[in-house]
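Take a look at the structure set out below.
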2 protein chains.
Amino acid sequence: MRRLKNPVTYCLPKIRFFHHFISIPINKNYLKMAQPSKDPTTDFADSSSSTKANNDATTTPQKNAFTELMKPKPPSPPKKDHSQRSTHTKTENAVLIKDLYPKATVHLLLLPRSPTHNLLHPHDAFADPQFLSMIREEASSAAKLAAAELSRIIGPFSKSNKARDEAMDLGQIPYDKLPPGRDYLKEIKVGIHAHPSMDHLHVHIISRDMRSEKLKGRNHYQSFCTPFFIELEHYPLDENDQRRSSRYHNGNLRKDFVCWRCGKEFGNKFSVLKKHLEEEFEEWKNE
Amino acid sequence: MRRLKNPVTYCLPKIRFFHHFISIPINKNYLKMAQPSKDPTTDFADSSSSTKANNDATTTPQKNAFTELMKPKPPSPPKKDHSQRSTHTKTENAVLIKDLYPKATVHLLLLPRSPTHNLLHPHDAFADPQFLSMIREEASSAAKLAAAELSRIIGPFSKSNKARDEAMDLGQIPYDKLPPGRDYLKEIKVGIHAHPSMDHLHVHIISRDMRSEKLKGRNHYQSFCTPFFIELEHYPLDENDQRRSSRYHNGNLRKDFVCWRCGKEFGNKFSVLKKHLEEEFEEWKNE
DNA sequence: TATTCCGATAGTGAC
DNA sequence: GTCACTATCGGAATGAG
Ligand SMILES: [Zn+2]
Ligand SMILES: [Zn+2]
């Protein structure tokens with residue numbers, strides 16, 4: 001059973017999502033689990049507001065909503081209303097947040113709470129069938145949220161949706177004979193990075209487009225668009241799966257760029273790829 | 001007998017020292033050699049003034065002093081008076097100019113005229129004993145000029161010189177018993193680069209210090225401070241000399257940086273090396 | 001493969 | 001290894017209670 005590099009730096013006594021400024025109590029929290037959890041916060045906020053809070057002039061001691069965010073919750077309210085303010089949800093088993101540096105139009109992170117799995121490499125964490133099953137359910141819900149968010153953003157451009165709307169406006173056509181609207185769930189990928197940089201287990205829920213200001217480097221793209229990205233559905237990995245090999249994944253990151261949509265190659269020309277992704281987005285959103 | 005890469009690009013009908021803006025007629029010139037050379041210019045100018053000329057607003061056809069610079073001269077005035085305006089000299093066999101991008105306090109280039117050797121790789125050109133002998137003489141004169149120039153610049157800081165001057169001021173001490181002044185010729189290196197970037201044969205005459213604004217990249221330093229720099233005295237190379245190997249020289253350029261004066265290593269930290277060279281210069285000039 | 005900053009490295013075009 | 005421009009690549013530091 002592997003452990004991630006530098007666990008001390010990253011994991012004790014807390015795990016930090018750098019630049020997300022979310023603290024996720026693990027060990028202390030683990031001790032508290034037997035005790036009644038006190039003052040469970042019900043606030044919603046996205047991860048970036050932590051940064052804003054830090055910039056506030058108020059120096060009075062104030063609760064950091066994110067320090068509390070990951071506390072195990074009593075099973076009472078299994079889901080949270082995710083209003084217009086935030087797509088985040090908290091369940092008994094996991095927290096869902098927006099990636100503060102989204103690498104595509106929609107990019108969420110699913111963070112399991114389980115302190116016995118949080119610090120494991122995904123291969124090992126997902127080797128536990130019960131845990132895997134639980135995460136799959138959470139991820140499935142998360143993917144639906146992501147699809148809804150994607151639909152909200154690019155739905156108005158969709159030719160499929162437009163055809164359906166027009167047919168619907170005509171009336172006369174039975175509901176199950178209408179042309180189907182676009183299925184945005186198909187545009188959502190769910191999986192993990194073979195070599196996560198952050199020790200805390202995190203599942204990416206991300207739209208395919210890879211169009212984002214925050215997409216700044218080679219690995220940003222390659223880590224989502226090569227086998228370096230391992231879909232949650234592929235777990236548990238076979239003992240002999242080559243995706244267990246570090247060498248293999250270093251190779252993936254170093255491959256030439258290939259457009260996820262049309263297959264065009266871009267060598268190592270990241271900025272050319274990025275321009276191309278912008279063009280692809282313009283077509284993709286219209287599908 | 002090797003030829004340099006891209007001879008067409010660089011050599012025909014002229015050789016250009018890029019950014020020196022010196023055109024060195026070779027082929028046409030070769031044809032003209034039998035004819036009386038017309039209008040031999042007697043101007044002095046350093047190579048940078050060509051740039052200035054190009055920036056002039058005058059668009060009237062004007063002579064480029066450097067287009068004419070390399071024409072073979074009748075053996076009449078074998079040496080030129082090198083006044084304060086310029087250290088350049090022109091002889092029957094070669095032209096001496098300041099490097100427009102000096103990589104050390106003093107940095108001259110010796111450019112042979114011989115059109116039968118100009119385009120050869122140094123290894124091959126210097127395999128001709130007569131040519132080598134001629135270049136050695138020219139280079140020897142050039143090195144003395146460089147030493148004089150170096151003395152002019154850093155001589156005032158020299159402790160050796162100061163000791164000599166003070167002894168001299170005392171009188172009483174016989175001339176041959178005075179402490180010796182600093183020998184600046186020892187601080188001048190004469191040689192070529194194993195893989196010259198410019199096809200036209202050029203011999204570097206350069207002070208050891210490598211202190212210069214224009215020293216901007218790894219290879220600027222390594223090409224003078226590793227065996228990539230081949231001293232003219234080492235020619236002709238033995239058939240089996242490893243310095244004939246391209247692989248060997250690529251290795252030289254990729255080596256870690258080593259201070260030429262104290263031997264300290266700098267890995268690939270060019271900017272750290274550069275700071276250090278500045279400090280070394282302060283001590284070196286005082287020797 | 002968290003980001004950001006800085007600097008080293010690599011490819012190109014120059015006329 | 002000519003220069004200069006651009007962009008890619010590479011290591012190191014990164015909150016503070
Ligand atoms: Zn494409
Ligand atoms: Zn030193």
Side-chain angles (χ1 to χ4, degrees), chain A residues 4-6 9-10 13-23 47 50-51 54 61 64 67 99-103 109 121-122 192-200 202 204 214 216-224 226 228-230 246 249-250 252-254 257 266-274, chain B residues 4-6 9-10 12-23 47 51 54 99-101 103 109 121-122 192-200 202 204 214 216-224 226 228-230 246 249-250 252-254 257 266-274:
Chain A
L4 290 160
K5 60 199 168 181
N6 301 329
T9 302
Y10 291 125
K14 298 178 176 183
I15 296 227
R16 293 203 175 86
F17 278 67
F18 291 115
H19 296 273
H20 275 261
F21 292 101
I22 294 175
S23 296
S47 52
S50 169
T51 306
N54 285 342
N64 182 336
T67 308
D99 192 302
L100 186 51
Y101 299 89
K103 305 307 186 298
L109 293 178
H121 188 283
I192 57 85
H193 286 155
H195 295 162
S197 274
M198 295 182 296
D199 284 350
H200 191 100
H202 53 291
H204 293 273
K214 297 300 189 347
K216 289 178 177 172
R218 125 172 250 111
N219 290 349
H220 286 165
Y221 185 81
Q222 301 292 65
S223 66
F224 288 102
T226 71
F228 189 95
F229 187 83
I230 307 180
S246 277
H249 286 302
N250 284 333
N252 279 322
L253 295 177
R254 292 174 188 289
F257 293 122
F266 290 87
N268 68 341
K269 306 300 183 193
F270 179 76
S271 57
V272 182
L273 168 68
K274 233 178 111 64
Chain B
L4 291 160
K5 59 200 168 182
N6 300 328
T9 303
Y10 290 126
L12 299 173
K14 297 178 175 183
I15 296 225
R16 291 204 174 84
F17 278 66
F18 292 114
H19 296 274
H20 276 261
F21 293 102
I22 295 175
S23 296
S47 50
T51 306
N54 285 339
D99 193 301
L100 184 53
Y101 299 88
K103 305 308 185 298
L109 293 177
H121 188 283
I192 56 85
H193 286 155
H195 295 162
S197 274
M198 296 182 296
D199 285 349
H200 191 100
H202 54 290
H204 292 274
K214 298 300 189 348
K216 290 178 177 172
R218 150 179 294 276
N219 291 349
H220 286 165
Y221 185 82
Q222 301 293 62
S223 66
F224 288 102
T226 71
F228 190 96
F229 187 82
I230 307 179
S246 277
H249 286 303
N250 284 333
N252 279 321
L253 295 177
R254 293 175 188 288
F257 292 122
F266 291 87
N268 67 341
K269 307 299 183 192
F270 178 75
S271 57
V272 181
L273 168 68
K274 231 177 113 62

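Numbers restart at 1 for each chain; the letters A, B, ... are given by sequence-line order, proteins then strands. Every value quoted in this text rests on a predicted model; they were computed, and no experiment measured them.
Comparing A:His204 and B:Arg218 by the nucleotide of DNA chain C that holds the closest heavy atom to each, the one mapping nearer the 5' end is A:His204. Toward the 5' end of DNA chain C, the nearer of the two residues B:Lys269 and A:Tyr221, judged by each one's closest nucleotide, is A:Tyr221.
Contact of the B:Asp99 side chain with the B:His202 side chain is not registered, since no non-hydrogen atoms from C-beta on lie closer than 4.5 Å.
Between the CZ atom of A:Phe257 and the C1' atom of D:dC9 there is a distance of 11 Å, rounded to whole Å. Separating the CZ atom of B:Arg254 from the C1' atom of D:dC9 is a distance of 14 Å, rounded to the nearest angstrom. When the C1' atom of C:dT9 is taken as reference, atom CG of B:Asn250 falls 15 Å away, rounded to whole Å. Look at CG on B:Leu100: it is 10 Å from C1' on D:dC3, rounded to the nearest Å. Distance A:Met198 CE to C:dT4 C1': 15 Å, rounded to the nearest Å. If you measure from atom CG of A:Leu253 to atom P of D:dC9, you get 11 Å, rounded to the nearest angstrom.
Residue B:Lys214 is out of contact with every strand shown, counting any heavy-atom pair closer than 4.0 Å. At a threshold of 4.0 angstrom between heavy atoms, the contacts of A:His220 are confined to the sugar-phosphate backbone, with no base atom among them. Note on A:Lys274: nothing from the nucleic acid sits closer than 4.0 angstrom, heavy atoms only. Here A:Lys216 lies in heavy-atom contact (under 4.0 Å) with sugar-phosphate atoms only.
Contact annotation: A:Asn268 side-chain N/O to D:dC9 OP1/OP2 distance is under 4.0 Å. Between A:Ser271 and D:dT6 there is no side-chain polar atom (N or O) within less than 4.0 angstrom of OP1 or OP2.
Not one N or O on the side chain of A:His249 forms a donor-acceptor pair closer than 3.5 Å with the backbone of A:Ser246.
The aromatic rings of B:Phe224 and B:His204 stand perpendicular to each other, their planes meeting at an angle above 60°, with 30° marking the opposite boundary. Note on ring orientation: taking the six-membered ring where Trp is involved, the planes of A:Phe270 and A:Phe257 are tilted (angle from 30° to 60°).
Atom P of D:dG15 sits at a distance of 13 Å from the matching atom of C:dC6, rounded to the whole Å. The separation of C:dT3 from D:dG17, taken at their C1' atoms, amounts to 23 Å, rounded to a whole angstrom.
In the set C:dT4, D:dA7, D:dC3, C:dT4 carries the atom at the smallest distance from any side-chain atom of A:Tyr101.
Between B:Lys214 and B:Leu100 the shortest heavy-atom distance is NZ-O, 4.3 Å.
Searching all strands for a Watson-Crick or G-U wobble partner of C:dG7 with both distances below 3.5 Å returns D:dC9.
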